[in-house]
Asks: 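Structure provided below as C-alpha cells; questions to follow.
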Amino acid sequence: MRRPLVIGNWKMHGTRKSNLDLIAQIQVGLNSNQNCDVAVCVPFVAIPEASTAVANSSLGLGSQNIANAEQGAYTGEVSASMLAEYQCKYALVGHSERRQIYLENDELVASRYDFAIKGGLIPVLCIGETDDEREQGKTFDVVEKQLSAVIEHYGVESLSKAVLAYEPVWAIGTGKTATPEQAQEVHAFIRQLIAKQNAAIAENLIILYGGSVKPDNAKELFGQADIDGGLIGGASLQADSFLAIVNAA
Ligand code: PEP
C-alpha cells in the first residue's frame with residue numbers, strides 16, 4: 001500500500017517572514033493523524049530557518065535541486081551532505097524549469113539523482129513532455145527516455161529510494177491541468193515500464209502528478225489508481241489551497 005505524498009514546490013518565491021508564516025500556517029492545518037506525507041521544497045537560502053521551523057513536526061523539508069558532486073569546485077551548487085545537515089528529506093531533480101531554462105540534460109539530472117540517494121536524501125525525479133511532444137504523439141517516448149537515463153546508469157533498484165513526479169510541461173504554471181484520464185494513462189505506463197524490470201519496485205514506487213493541481217481538481221486526480229499524490233507549485237504558496245490539496249490526498 002503506497003502512502004500518499006504531497007510536496008509543495010515554492011520555486012523562487014517568498015521572504016524570510018512570509019516563508020516562516022507559511023510554514024506556521026501549514027503546520028496549524030496539518031492533522032496529526034494525517035494519512036499522507038507532506039513536505040515543502042523551499043529556496044536554498046530559506047532552508048536553515050525552515051529546518052528549525054519544521055523540527056519535531058510532521059512537515060518534511062526538501063530542496064529544489066542538489067549538486068551532482070559531494071564537494072569541491074562547483075560554484076553555485078549545494079551538496080547532499082549540506083542539505084542533510086539541515087534535515088532535508090527530499091530533493092527535486094530534473095524539474096522542467098531546470099531542464100528548460102538551465103539546460104540540464106538527462107545525464108546531469110541522473111547524476112544529481114544519484115548524489116541525492118548517496119547522500120541519504122530522496123530524489124523526486126521530475127519527468128514529462130512538452131506541448132509539442134504531446135501533439136506529436138511522443139509523450140510515452142519522452143518519459144521513457146527521461147526515466148531510462150536514471151535506470152541505465154543507476155539500476156531499477158535505485159527507484160526504491162526515489163519518488164517520481166510526472167509533470168507534463170504544458171500543465172506547469174499554465175492553469176491547464178491534465179485530465180485525470182490523461183495523467184493516469186501516463187502514470188500507468190510508467191509503472192508498467194518499471195514493472196517489466198522489477199514488479200515489486202514498480203508496485204511500491206510513489207508517482208506524483210504535477211501541473212496546475214488546485215483544490216478543485218486534486219481529488220479526482222489523486223483518485224486515479226496510479227497517482228499517489230502531487231507536486232504542487234502555485235497552489236502551495238497559500239496555506240489554505242495547499243492544505244485543501246493535502247486533504248484531498
Ligand atoms: C511545479 O512547479 O512543479 C508545478 C507543478 O507548478 P504548478 O502547480 O504551478 O503548475
Side-chain angles (χ1 to χ4, degrees), residues 4-14 18-19 22 26 36-44 46-47 50 60-66 88-104 109 112-113 116 121-131 133-134 139 142-143 146-147 162-180 182-184 186-187 190 206-222 224 226-249:
L5 169 65
V6 175
I7 299 181
N9 172 16
W10 289 4
K11 312 194 189 200
M12 196 173 68
H13 289 291
S18 70
N19 291 335
L22 182 50
I26 293 170
C36 169
D37 289 325
V38 185
V40 286
C41 290
V42 307
F44 282 130
I47 286 174
L61 184 61
S63 63
Q64 298 173 14
N65 208 352
I66 190 164
C88 279
K89 182 170 179 190
Y90 302 97
L92 304 184
V93 296
H95 190 280
S96 65
E97 286 149 19
R98 300 300 315 176
R99 293 179 188 264
Q100 293 200 317
I101 306 171
Y102 300 101
L103 307 181
E104 295 194 7
V109 170
R112 293 189 189 283
Y113 164 98
L121 277 81
I122 300 172
V124 179
L125 174 68
C126 304
I127 59 178
E129 81 288 1
T130 63
D131 215 358
E133 288 163 342
R134 177 164 279 264
T139 298
V142 170
V143 296
Q146 292 172 334
L147 191 55
V163 165
L164 286 188
Y166 167 58
E167 298 208 303
V169 180
W170 49 271
I172 297 180
T174 59
K176 269 202 264 173
T177 321
T179 64
Q182 280 175 321
Q184 166 59 22
V186 181
H187 281 236
I190 293 169
I206 292 176
I207 311 179
L208 307 180
Y209 169 78
S212 298
V213 177
K214 306 283 178 232
D216 61 0
N217 59 25
K219 202 166 176 184
E220 234 193 311
L221 284 160
F222 299 165
Q224 302 299 310
D226 290 289
I227 301 183
D228 306 313
L231 179 56
I232 318 299
S236 71
L237 296 173
Q238 300 290 334
D240 54 355
S241 52
F242 186 59
L243 287 165
I245 292 169
V246 168
N247 286 333

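Indexing begins at 1, ligand by ligand and atom by atom, following the structure's order.
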Asks: According to ring pair (Phe, Tyr, Trp, His ring centres under 6.0 Å), who are the partners of His187, at least two apart in sequence or on a separate chain?
Replies: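 Tyr166.
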Asks: Heavy-atom count around Gln182 CD within 6.0 Å, excluding the residue itself: above 12?
Replies: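 Counting neighbours around CD of Gln182, more than 12 heavy atoms of other residues, nucleotides or ligands fall under 6.0 Å, so yes.
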Asks: State, without any angle test, whether Trp10 and Gln64 hold a side-chain donor-acceptor pair at a distance under 3.5 Å.
Replies: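 No, Gln64 and Trp10 have no side-chain donor paired with an acceptor closer than 3.5 Å.
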Asks: When you compare the side chains of Glu133 and Thr130, does any donor N or O come within less than 3.5 Å of an acceptor on the partner?
Replies: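 Yes, side-chain donor-acceptor contact under 3.5 Å.
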Asks: Give the residues near ligand 1 by chain and number, with the criterion being a heavy-atom distance under 4.0 Å.
Replies: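 Near ligand 1, by chain and number: Asn9, Lys11, His95, Glu167, Ala171, Ile172, Gly173, Gly210, Gly211, Ser212, Leu231, Ile232, Gly233, Gly234.
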Asks: So does Arg99 pair up with Glu104, basic N to acidic O under 4.0 Å?
Replies: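 So Arg99 does not pair with Glu104 through a salt bridge.
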Asks: Determine the sole option in Leu208, Asp228, Ile245 for which the side chain to side chain contact (heavy atoms under 4.5 Å, CB included) test with Phe222 is passed.
Replies: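 Answer after filtering Leu208, Asp228, Ile245: Ile245.
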